[in-house]
Amino acid sequence: MELKNFFQIFLFVLAGFVVVSAQECGKTGFFIPGNKYDTNRGLILSSLASKVSAQGGFFNDSIGEGTDRVYALGMCIQGAEPDVCSKCIDSASNALLDKCPNQTEGLNWPEVRILCMIRYSNTSFFGSLKAEPPFHIANPADIRYDLTVFDQVLQGLATRMIASATSPSSKRKYYAVDIAPLTSFPSIFALMQCTPDLSLEDCHICLRENVADYESSFRGKQGGISYRSSCVFRWELRPFSEAFRDITLAPPPEEGNVTNTKTKKGSETVSIVIPTTIIVIFLVLLALGFFIYRRRKSCRALVYQGSSTDITFTPSLQFDFKTIEAATKNFSESNKIGQGGFGDVFKAVLNGREVAVKRLSKTSGQGAREFKNEAVLVAKLQHKNLVRLFGFCVEGEEKILVYEFVPNKSLDYFLFDPSIQGQLNWKMRYNIIVGIARGVLYLHQDSLLTIIHRDLKASNILLTANMNPKISDFGLATIFGTEQTRGSTNRIAGTYAYMSPEYAMHGQFSMKSDIYSFGVLVLEIISGKKNSGIYQMDETTTAGNLVTYAWRLWINGSPLELVDPAITRNYQSNEVTRCIHIALLCIQENPDDRPLLSDIILMLGSNTNTLPVPCLPGFLQRSRHELVHVSEGLESNEST
Ligand SMILES: *[C@@H]1O[C@H](CO)[C@@H](O)[C@H](O)[C@H]1NC(C)=O
Ligand SMILES: *[C@@H]1O[C@H](CO)[C@@H](O)[C@H](O)[C@H]1NC(C)=O
Ligand SMILES: *[C@@H]1O[C@H](CO)[C@@H](O)[C@H](O)[C@H]1NC(C)=O
Ligand SMILES: *[C@@H]1O[C@H](CO)[C@@H](O)[C@H](O)[C@H]1NC(C)=O
């Protein structure tokens with residue numbers, strides 16, 4: 001214990017870390033040490049460690065009667081291992097007994113890794129939120145990044161996290177951990193948690209207050225922690241908790257202009273010099289550290305690791321070709337789960353995790369370095385409605401992308417098969433529409449990179465076991481090389497059905513061309529029909545596709561005829577009508593008339609706002625012959 005503290009203080013001095021405490025003793029009530037209250041407090045605090053870990057991370061209780069009654073609660077961060085949890089609570093209790101010898105209230109968030117907290121009082125505080133000044137720890141290092149952009153990303157991240165932490169369907173109560181990428185900087189890593197005794201509203205308030213502290217206390221810093229009695233929020237430019245291991249691979253250090261061999265040599269020499277230097281510095285600083293430790297003993301020092309370079313947690317994104325070859329049984333047919341325009345997809349198990357390996361066809365004209373850079377960028381994009389890129393492999397001619405494995409096939413598999421399309425009820429379809437919208441919103445507007453997908457289609461929407469949608473193949477156009485994508489008629493034509501007129505005719509892509517594809521996708525999800533399908537209409541329109549069909553029904557005032565008969569009548573007609581309306585806005589001929597994804601999300605979320613009247617969809621006024629011609633026969637190219 002003592003030795004560990006020395007070491008922490010040593011680190012502190014070495015790297016300019018700050019030492020602080022997140023303990024508080026009440027300032028109003030006192031008891032006489034050794035009295036009944038004191039005994040009860042000792043009893044309940046010492047029992048917390050085993051109770052909390054046995055109860056899955058949270059426990060509240062009280063002991064004693066009248067003025068001697070002590071209320072206490074302990075919480076471990078969601079997902080903490082029982083023994084780690086128990087240890088944390090145990091040392092937090094001991095520290096608090098030490099720190100608050102005669103105070104009737106006390107609180108301790110002992111670890112800046114945000115592992116656990118305990119609290120006690122002579123009055124019941126369970127389920128109530130205390131108005132109180134927060135406890136702040138700012139990372140002392142300043143940030144060198146455009147602050148207006150940074151603010152936006154952080155606020156966006158925090159807002160999403162609060163929503164997820166306070167979502168009633170969240171698996172881990174009042175807990176969220178997430179990462180938001182920045183373009184030329186490490187990502188922002190953030191974690192938040194409320195104590196589970198709070199109500200949903202109170203948790204929301206508590207987290208919002210903690211997040212709002214950013215503006216006043218942490219702006220311009222590389223990280224910060226905001227504690228209140230019932231909730232905590234921490235963010236950093238590096239992973240500061242085990243929790244991030246579950247959701248991401250840390251981004252690798254920015255690629256400089258240094259070649260690999262040079263870096264290796266450099267680090268070898270450094271590693272020989274450093275040990276001797278360190279020993280000397282260590283001895284000098286040990287004395288200094290001891291001095292500081294003495295001075296701060298009453299605070300039971302905590303170490304705040306403010307540096308943004310965390311060497312212990314940077315698994316590489318790059319995989320070895322041999323490893324992948326072995327994991328896919330040499331790209332065997334039995335492991336193959338799909339093929340697409342960019343290459344074949346194989347299922348594999350890497351490091352004990354199921355993954356989908358996409359082996360890009362060898363014709364990619366892009367250099368290894370550009371490929372890597374793009375892959376690293378795309379790997380930073382993380383959203384629950386996007387298929388995650390775990391890493392890549394580039395060796396000789398081979399370019400491989402390693403993705404998260406999504407178990408439930410793709411949307412087209414369910415949607416267009418009359419024998420199973422009934423499995424997708426309206427609620428699921430609506431959920432899928434909203435999920436896709438969120439994923440595209442993230443790509444377009446929330447991730448800083450502005451990724452245009454360019455190939456949104458039903459076969460690129462994968463479904464999880466819970467039928468939640470995950471968009472795949474985003475960023476592929478850039479990874480693969482722009483020229484390659486555009487130059488190949490095959491690849492473009494394969495998804496003609498979803499292409500906006502301006503993209504199809506002139507190769508102009510933009511967010512608005514993605515939005516057109518989104519509109520077509522929504523129509524397909526509602527109708528259970530492919531856009532490329534031919535429909536018999538009246539004499540003037542001899543043949544039309546889904547887009548023209550939907551438009552005619554809309555004009556005739558019978559949009560609900562579009563709905564897939566497989567859904568039967570189990571849907572809310574206003575919800576469906578609204579989705580059709582939004583889809584028609586998305587597929588308007590003029591790109592400027594199409595709404596942005598942020599508008600679409602608003603439209604989806606409200607049933608009171610009136611929507612604009614849609615104009616003629618694209619393709620209606622044009623000669624479709626060439627388009628129809630190309631779209632035929634190429635649909636068969638696509639599969640998951
Ligand atoms: C708790 O302690 C405070 C301060 O000593 C006191 O005012 C209050 O009455 C106590 N509450 C109970 C329930 O004993
Ligand atoms: C509480 O303890 C502190 C130091 O241990 C002492 O200075 C203070 O007088 C005590 N307060 C009461 C009310 O006993
Ligand atoms: C724990 O807190 C809840 C309020 O959130 C309360 O209903 C419950 O009685 C408490 N448990 C104990 C053992 O006091
Ligand atoms: C790498 O160096 C070359 C010239 O040596 C330069 O043109 C290029 O911009 C540099 N790239 C980066 C990422 O610094």
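As the structure lists them, so they are numbered: ligands from 1, and atoms in each ligand from 1.
- Near Thr123, with a cut-off below 4.0 Å to any heavy atom, the atoms of ligand 1 are 11 (N), 13 (C).
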List, for ligand 3, each N/O atom that has a protein N/O partner under 3.5 Å away, with both atom names and the distance.
residue	atom	partner	partner atom	Å
ligand 3	2 (O)	Asn60	ND2	2.0
ligand 3	11 (N)	Asn60	OD1	3.3
ligand 3	11 (N)	Asn60	ND2	3.4

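- A donor-acceptor contact closer than 3.5 angstrom links the side chains of Asn431 and Asn468.
- Counting atoms of ligand 1 from 1 in the listed order, those under 4.0 Å from a heavy atom of Gly29 are 4 (C), 5 (O).
- Scored by the ring-ring contact (aromatic ring centres under 6.0 Å, His included) test, His204 finds no partners at all (sequence neighbours excluded).
- Classification of the His136-Phe218 ring pair by plane angle, with boundaries at 30° and 60°, yields perpendicular.
- Applying the disulfide (SG to SG under 2.5 Å) test to residues at least two apart or on different chains, the pairs with a partner in residues 206-244 are Cys206-Cys231.
- Annotation: cation-pi geometry satisfied between Arg119 and Phe125 (NZ/CZ under 6.0 angstrom from ring centroid, within 45° of ring axis).
- For Asn122, heavy-atom contacts with ligand 1 shorter than 4.0 Å involve the backbone as well as the side chain.
- Partners of Ala190 according to the side-chain contact (heavy atoms from CB on, under 4.5 Å) rule, which considers only residues two or more places apart in sequence or in another chain, are Leu157, Met161, Phe233, Trp235.
- Cys88-Cys116 SG separation is under 2.5 Å; the pair is scored as a disulfide.
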